[in-house]
Amino acid sequence: MPPKRPSPPNGRPHALTPALTTALTTGLTTLLAAATLTACGVQPSGVIGAGEPPTGLTKGLRVYFVSAAGHLEGVSRPDIRITGLDEALKLLATGPSDAEQRRGLTTLVPQAPYDTTTDGTRVTLTAPDTTFSGNRRDDLINGQLVCTLARAQSSLHPTIRPDDVQVTLTGTGKPLGPYRCSQFLGG
């Protein structure tokens with residue numbers, strides 16, 4: 001016959017109190033976390049340098065079209081090498097490919113006489129027969145021009161980052177800008 005266990009003083013079986021339950025749960029959780037962390041095999045190390053984080057726009061020629069939702073969308077042209085900004089403007093005015101059109105892309109930039117001058121990160125587009133304004137439709141046209149020219153300038157001069165290029169638009173009215181492409185993206 002097994003030995004008889006003494007009864008608690010109040011005659012009821014032993015029960016866990018809420019405080020004891022919380023203490024046991026916290027202790028077990030801490031023990032499991034410590035065991036997991038020490039058993040994972042990852043050794044401590046010092047700070048490891050990885051260089052500068054990536055910033056700005058991706059590399060290569062991109063032409064910016066307008067999506068069906070009314071936003072700018074850059075389309076890569078990896079196989080096209082340009083020798084001047086006028087070539088990028090012709091690509092832009094020609095419009096998206098058939099496949100890109102099926103995706104809802106279009107250009108609002110008309111075929112027109114454009115002239116560009118550059119000085120490093122500064123580009124000036126002159127369109128003598130065009131009036132540039134800030135209404136929503138013109139904002140999309142301006143964005144197409146600014147972003148395409150910024151990417152083209154960077155493509156022509158690889159030491160220039162596209163997001164450093166500033167474009168001024170000059171037409172029949174007051175010049176607009178200088179603008180950076182980032183001012184037209186994300187909306």
For a 4.5 angstrom cut-off between non-hydrogen side-chain atoms, does Y179 reach V165?
no

SG-CG distance between C181 and L72, expressed to the nearest 0.5 angstrom
7.0 Å

Can a donor-acceptor pair be found, under 3.5 Å and without considering hydrogens, that links the side chain of T148 to the backbone of Y64?
yes

Between A152 and I82, the two heavy atoms sitting closest are CB-CD1, 3.6 Å

Do P162 and Q153 touch side chain to side chain, with heavy atoms closer than 4.5 Å?
no

Spatial distance of atom CD (Q144) from atom CG (D139) [nearest 0.5 Å]
11.0 Å

In short, Q183 meets P178 closest at the heavy-atom pair OE1-O, 4.1 Å

Please tell me if the side chains of E73 and R103 come closer than 4.5 Å, counting only heavy atoms from C-beta onward.
yes

Minimum heavy-atom separation for R81 to E87, with atom names?
O-OE1, 4.0 Å

Side chains of S97 and Q101: is there a donor and an acceptor less than 3.5 Å apart?
no

V146 side chain near F184 side chain, heavy-atom distance below 4.5 Å
yes

Could you walk me through whether Y114 and T116 pass side-chain contact (heavy atoms from CB on, under 4.5 Å), step by step?
CA-CA 7 Å; Y114 297 107; T116 56; 5.5 Å; no

How long is the gap from CG on L185 to CZ on R180, to the nearest 0.5 Å?
13.0 Å

Do NZ/NE/NH1/NH2 and the carboxylate oxygens of R161 and D164 come within less than 4.0 Å?
yes

Before you tell me yes or no, could you show the steps for V66 and L105 under side-chain contact (heavy atoms from CB on, under 4.5 Å), namely the whole-Å CA-CA distance, both residues' side-chain angles and the distance that decides it to 0.1 Å?
CA-CA 5 Å; V66 178; L105 298 179; over 6 Å; no

Is there side-chain contact between T117 and V123, with heavy atoms separated by less than 4.5 Å?
no

Side-chain donor or acceptor of S67 paired with backbone N/O of H71 under 3.5 Å
yes

Tell me whether R62 contacts the main-chain N or O of G74 through its side chain, where contact means a donor paired with an acceptor under 3.5 Å.
yes

Below 4.5 Å, heavy atoms only, C-beta onward: do S155 and L61 meet side chain to side chain?
yes

Below 4.5 Å, heavy atoms only, C-beta onward: do L92 and L145 meet side chain to side chain?
yes

Among side-chain atoms of D115 and T126, is any donor-acceptor pair under 3.5 angstrom?
no

Shortest non-hydrogen separation from P128 to P113 and the atoms involved
CD-O, 3.7 Å

Decide yes or no for T118 and L85: does some side-chain heavy atom of the first lie under 4.5 Å from some side-chain heavy atom of the second?
yes

Tightest non-hydrogen contact, residues T107 and V109, listed as OG1-N, 3.2 Å

What's the spacing between D138 CG and S133 OG if we round to 0.5 Å?
3.5 Å

Name the one of T168, T170, L149 that satisfies side chain to side chain contact (heavy atoms under 4.5 Å, CB included) with L125?
L149

